[in-house]
Protein chains: 2
Amino acid sequence: MKIAEVSQRYGLSSDTLRYYERIGLLPPVNRAESGIRDYNDLDVRRVEFIKCMRSAGLPIEVLTAYIALVQRGDDTIPARKAILKEQRELLAARMNEMQKTLDVLDRKIAIYENAVLTREQDLL
Amino acid sequence: MKIAEVSQRYGLSSDTLRYYERIGLLPPVNRAESGIRDYNDLDVRRVEFIKCMRSAGLPIEVLTAYIALVQRGDDTIPARKAILKEQRELLAARMNEMQKTLDVLDRKIAIYENAVLTREQDLL
DNA sequence: GTAGCACTTAGAGTTTACTCTAAGTCAAGG
DNA sequence: CCTTGACTTAGAGTAAACTCTAAGTGCTAC
């Protein structure tokens, strides 16, 4: 699977995919003999995981550390679990903040709906 | 109310408060005769609004445009409503993404809980 | 076999949102 | 009065995550 296909499938630019690999977030991707990237199943699953985590705002640094632990084997399972648990709590906290903001927005929009109605009545 | 108090009350640094004012996100704040900022009630309410919206990731550019519209009077109510509605939808979409990621994290954590248990049993 | 498009790298540039620095002014306590 | 700590400005610097550029290589279609 070439980079353009992975790019399209996960909505990450080819530049971004190469960038992730260059900085060590995505471990070295499989290559064809010519040197062109040919993402295998494991590569693609990693991209999918990264895409998912990044879309929720988890920092590249944390994900890099996590994936490095996965590569180091089963001894690192407690450390990995700790990372995921921490990130899970941070994410839940961010969502909580966002829910409050969503509520504020909904209240303000409702007020504007009324204001617009009032204005419309004024204009008639 | 001086800048340090506003800073503490809303968890924004004094630098950030001055920055918001400098770039035109926060309209010019009330000043004491000496030139020192003395946030009045309206200033503080604006800070609270900005803090709330920023904490959910709404871009400064959008908030600046919105607050400028508020300053321009009631004629801008439909435009303001449109901004808030759009941002509300974008925020809801981000939260949706995050919920999916949260679910993935929870599944992975559950798997690790089992793995850790298994390892513990292995070690006994 | 050559045009043209996708691929490669290294490295520079961009965006967003701060955050810090330097040099100076103000206000309260001793 | 003078020190000390909070305040002021303009402008430079930083962090995170891309995104673009240039120069070159590989694959496919005519």
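Numbers restart at 1 for each chain; the letters A, B, ... are given by sequence-line order, proteins then strands.
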Inset, instruction - Supply the atom-to-atom distance Arg94(B) CZ to Leu102(A) CG, rounded to the nearest 0.5 angstrom. - result: 10.0 Å
Legend entry - Residues which pass salt bridge (charged side-chain N to carboxylate O under 4.0 Å, His left out) with Glu61(B), listed by chain and number, not counting sequence neighbours: none
Inset, instruction - Using heavy atoms and a sub-4.0 Å distance, could you list which residues of residues 48-62 of chain B are near DNA chain D? By number, please. - result: none
Inset, instruction - Under the side chain to side chain donor-acceptor pair (under 3.5 Å) rule, collect the residues that match up with Arg54(A), sequence neighbours excluded. - result: none
Legend entry - Straight-line distance of Met1(B) CE to Ile3(B) CD1, nearest 0.5 Å: 11.0 Å
Legend entry - chain B contact limits on DNA chain C, taken 5' to 3' with a cut-off of 4.0 angstrom to heavy atoms: dA17(C) to dA27(C)
Inset, instruction - Please identify each residue that fulfils salt bridge (charged side-chain N to carboxylate O under 4.0 Å, His left out) with Glu86(A), with sequence neighbours left out. - result: none
Legend entry - With sequence neighbours excluded, residues passing ring-ring contact (aromatic ring centres under 6.0 Å, His included) with Tyr39(B): none
Legend entry - Phe49(A)/Tyr66(A) aromatic ring centres below 6.0 Å: yes
Inset, instruction - Could you list by number each residue of residues 23-43 of chain B showing a heavy-atom separation from DNA chain D of less than 4.0 Å, or answer none if no residue does? - result: Arg31(B), Gly35(B), Ile36(B), Arg37(B)
Inset, instruction - Find the distance between CD1 (Ile50(A)) and CE (Met53(A)) and round it off to the nearest 0.5 Å. - result: 10.5 Å
Legend entry - Strand-adjacent residues in residues 13-22 of chain B, judged by heavy atoms under 4.0 Å from DNA chain D: Arg18(B), Arg22(B)
Legend entry - Pairing string, 5' to 3', for DNA chain C - Watson-Crick or wobble contacts under 3.5 Å, brackets [ ] where pairs cross, | to another strand: ||||||||||||||||||||||||||||||
Inset, instruction - Decide, yes or no, whether a salt bridge links Glu5(A) with Arg9(A) under the criterion of side-chain N to carboxylate O below 4.0 Å. - result: yes
Inset, instruction - Applying salt bridge (charged side-chain N to carboxylate O under 4.0 Å, His left out), name anything that partners Glu97(B), two or more places apart in sequence or on another chain. - result: Lys100(B)
Inset, instruction - Supply the atom-to-atom distance Met95(A) CE to Gln99(A) CD, rounded to the nearest 0.5 angstrom. - result: 8.5 Å
Inset, instruction - Report yes or no: do Thr76(B) and Arg80(B) form a side-chain donor-acceptor pair below 3.5 Å? - result: yes
Inset, instruction - Return the set of residues passing ring-ring contact (aromatic ring centres under 6.0 Å, His included) with Tyr112(B) (not counting sequence neighbours), or none when no residue passes. - result: none
Legend entry - Interatomic distance, Thr16(B) atom OG1 to Lys51(B) atom NZ [nearest 0.5 angstrom]: 10.0 Å
Inset, instruction - Only counting residues at least two apart or in another chain, list the ones meeting ring-ring contact (aromatic ring centres under 6.0 Å, His included) with Tyr19(A). - result: none
